[in-house]
Amino acid sequence: MLLTVVIWGMDNVLIKSLLNAEISSVGLIYLRFIVATLVVSIVLKIKKETYSKEVVNSKYKNQIIVMALLISLYYILQVNGLNLTKAVISEFVGTTMTTLSTIVILAIFVKNERKQILNKCTILALIIAIFGTFLTALGDVSFGLDFGVILIIIADIFWGLYTMTYMKIDTNISAMRVNRDLGIISILVYTVILLVTKQFGEIFNLGIINILKIAFASVLIDIGTIITYYVAIRIISGVKCSILTLASPIISFTLSYLWLGERIALMQYVGCILLFASSILLVIKDISNNTQKESLEEN
């Protein structure tokens, strides 16, 4: 999960530094889905994974369709929200509300997750992380509830529902297979959107260099996410995963400073320290719990 934090922290900086305005946000997402799905399909072809009809059943197929619709709505609302509000505000709202909505939805619909959110250590880590995100993303910038913020909040609810649906999928099906199937349906959804909005033609106007840049970003970010995040939420609590993702601004601001030359304010340094402390708190708690379990087993 900490690897996911690094990958997600690189996302915005990488896209900002590599890409230009020759393609719409929806078109960019569409191409990233195509590249990621193609790479995953090749890997699955090499591995020759097979599943029985009892595992890949109608319930699984319905879950994939629902997830594809949810993730499509998430990206569309998120991107439009980003365009209608300040960048620093969208960073804070997007990061924080994604975590909060996911935690609340998981606590409501996933029985095993309720114990995690009621844990004192988890609650403390969440509070520290949210405050750290606030300092890191906003600093001294005034916060306003504009239409862009509202769209981002709605988008983050769809992300929470998406995560909850993913966690209900049969764990016998590999993360690669799930994301391959999800990618295929999502590509169909985005094809329809691009055709309806008359933006599909822009895909053919991109030069080979821009396509290679998008492909590079997709392999690094999207494939990296499949390998780390979608495996992590099957190993540890979804609530803990969500809190740990709040630490991604540490990577974003570090890379922005080193790569893009952007200035970091003092309050943002403090925020990064709090985010790091929140992550360490969760890691130490897990190590402590595992040590206690091993001790009980030995006794």
Side-chain angles (χ1 to χ4, degrees), residues 1-12 14-15 18-19 23 25-53 55-76 78-79 158-159 161-194 203 206 208 210-236 238 241 245 248:
M1 194 58 218
L2 291 175
L3 288 174
T4 302
V5 169
V6 174
I7 292 169
W8 286 3
M10 295 170 57
D11 194 348
N12 289 335
L14 182 63
I15 295 300
L18 289 182
L19 304 177
I23 184 172
S25 300
V26 175
L28 172 59
I29 296 167
Y30 177 70
L31 288 178
R32 285 179 61 172
F33 264 115
I34 289 177
V35 173
T37 304
L38 178 62
V39 172
V40 170
S41 297
I42 293 172
V43 172
L44 289 174
K45 189 70 175 178
I46 295 173
K47 293 178 66 177
K48 296 180 180 180
E49 290 186 3
T50 57
Y51 299 94
S52 65
K53 291 183 178 180
V55 175
V56 183
N57 50 27
S58 58
K59 178 184 177 182
Y60 167 74
K61 294 175 183 177
N62 290 333
Q63 288 172 323
I64 291 296
I65 293 172
V66 170
M67 286 173 61
L69 293 174
L70 289 171
I71 197 66
S72 298
L73 288 169
Y74 165 77
Y75 277 123
I76 292 169
Q78 184 79 4
V79 167
F158 284 119
W159 176 268
L161 292 170
Y162 165 81
T163 303
M164 179 269 294
T165 307
Y166 186 94
M167 294 191 69
K168 288 183 175 293
I169 285 180
D170 192 330
T171 54
N172 291 317
I173 305 174
S174 71
M176 285 283 186
R177 171 62 188 268
V178 173
N179 282 275
R180 192 281 306 273
D181 296 343
L182 174 64
I184 292 172
I185 304 299
S186 297
I187 289 169
L188 294 175
V189 172
Y190 277 106
T191 300
V192 173
I193 293 172
L194 288 170
I203 305 296
L206 286 175
I208 185 65
N210 282 329
I211 292 176
L212 289 175
K213 288 178 179 179
I214 294 171
F216 172 76
S218 180
V219 170
L220 185 62
I221 305 299
D222 300 320
I223 301 300
T225 297
I226 292 171
I227 295 172
T228 58
Y229 176 74
Y230 292 106
V231 174
I233 62 175
R234 289 183 169 186
I235 299 173
I236 62 176
C241 284
T245 59
S248 61

### Task
Rounded to the nearest 0.5 Å, what's the gap from CZ on R234 to CD1 on I169? Could you check?
7.0 Å
### Message
How close do S72 and V189 get, counting heavy atoms only, and between which atoms?
### Response
OG-CG1, 3.5 Å
### Query
Could you state the interatomic distance from OH (Y75) to CD1 (I29), rounded to the nearest 0.5 Å?
6.5 Å
### Task
Check the pair V178 / Y60 against side chain to side chain contact (heavy atoms under 4.5 Å, CB included), numbers first and verdict last.
CA-CA 9 Å; V178 173; Y60 167 74; 4.1 Å; yes
#### Entry: Verdict with reasoning, F33 to T191, per side chain to side chain contact (heavy atoms under 4.5 Å, CB included)
CA-CA 11 Å; F33 264 115; T191 300; over 6 Å; no
### With I226 via side chain to side chain contact (heavy atoms under 4.5 Å, CB included) - residues at least two apart
V40, M176, N179, I223, Y230
### Query
Nearest heavy-atom pair of T165 and M67: which atoms, and what distance?
CG2-CG, 3.5 Å
### Message
Within the structure provided, determine whether L70 and W159 are in side-chain contact (heavy-atom separation under 4.5 Å).
### Response
no
### Query
Can you tell if the side chain of T163 reaches within under 4.5 Å of the side chain of Y166, non-hydrogen atoms only?
no
### Task
Kindly write out the residues that satisfy side chain to side chain contact (heavy atoms under 4.5 Å, CB included) with I184, not counting sequence neighbours, or none if the list is empty.
T37, R180
### Query
Taking all non-hydrogen atoms of both residues, which atom of I71 and which atom of Y190 are closest, and how far apart?
O-OH, 3.9 Å
### Query
Quick one: CG on N62 to CG on N57, what's the gap to the nearest 0.5 Å?
9.0 Å
### Query
Is there a donor-acceptor pair closer than 3.5 Å between any side-chain N or O of T225 and the backbone N or O of I221?
yes
### Message
Donor-acceptor pair, distance only, cut-off 3.5 Å: does the side chain of Y51 make one with the backbone of S174?
### Response
yes
### Task
Mind listing the closest non-hydrogen atom pair of K168 and Q63 along with its distance?
O-NE2, 3.4 Å
### Query
How many angstroms lie between OH in Y30 and CD1 in I193, if you round to the nearest 0.5 Å?
11.0 Å
### Query
For the residue pair A175 and V231, what are the closest heavy atoms and their distance?
CB-CG2, 4.2 Å
### Task
Calculate, to the nearest 0.5 Å, the distance between atoms CG and NZ belonging to D170 and K59 respectively.
8.0 Å
### Message
Nearest 0.5 angstrom please: S186 OG to I64 CD1, how far?
### Response
8.5 Å
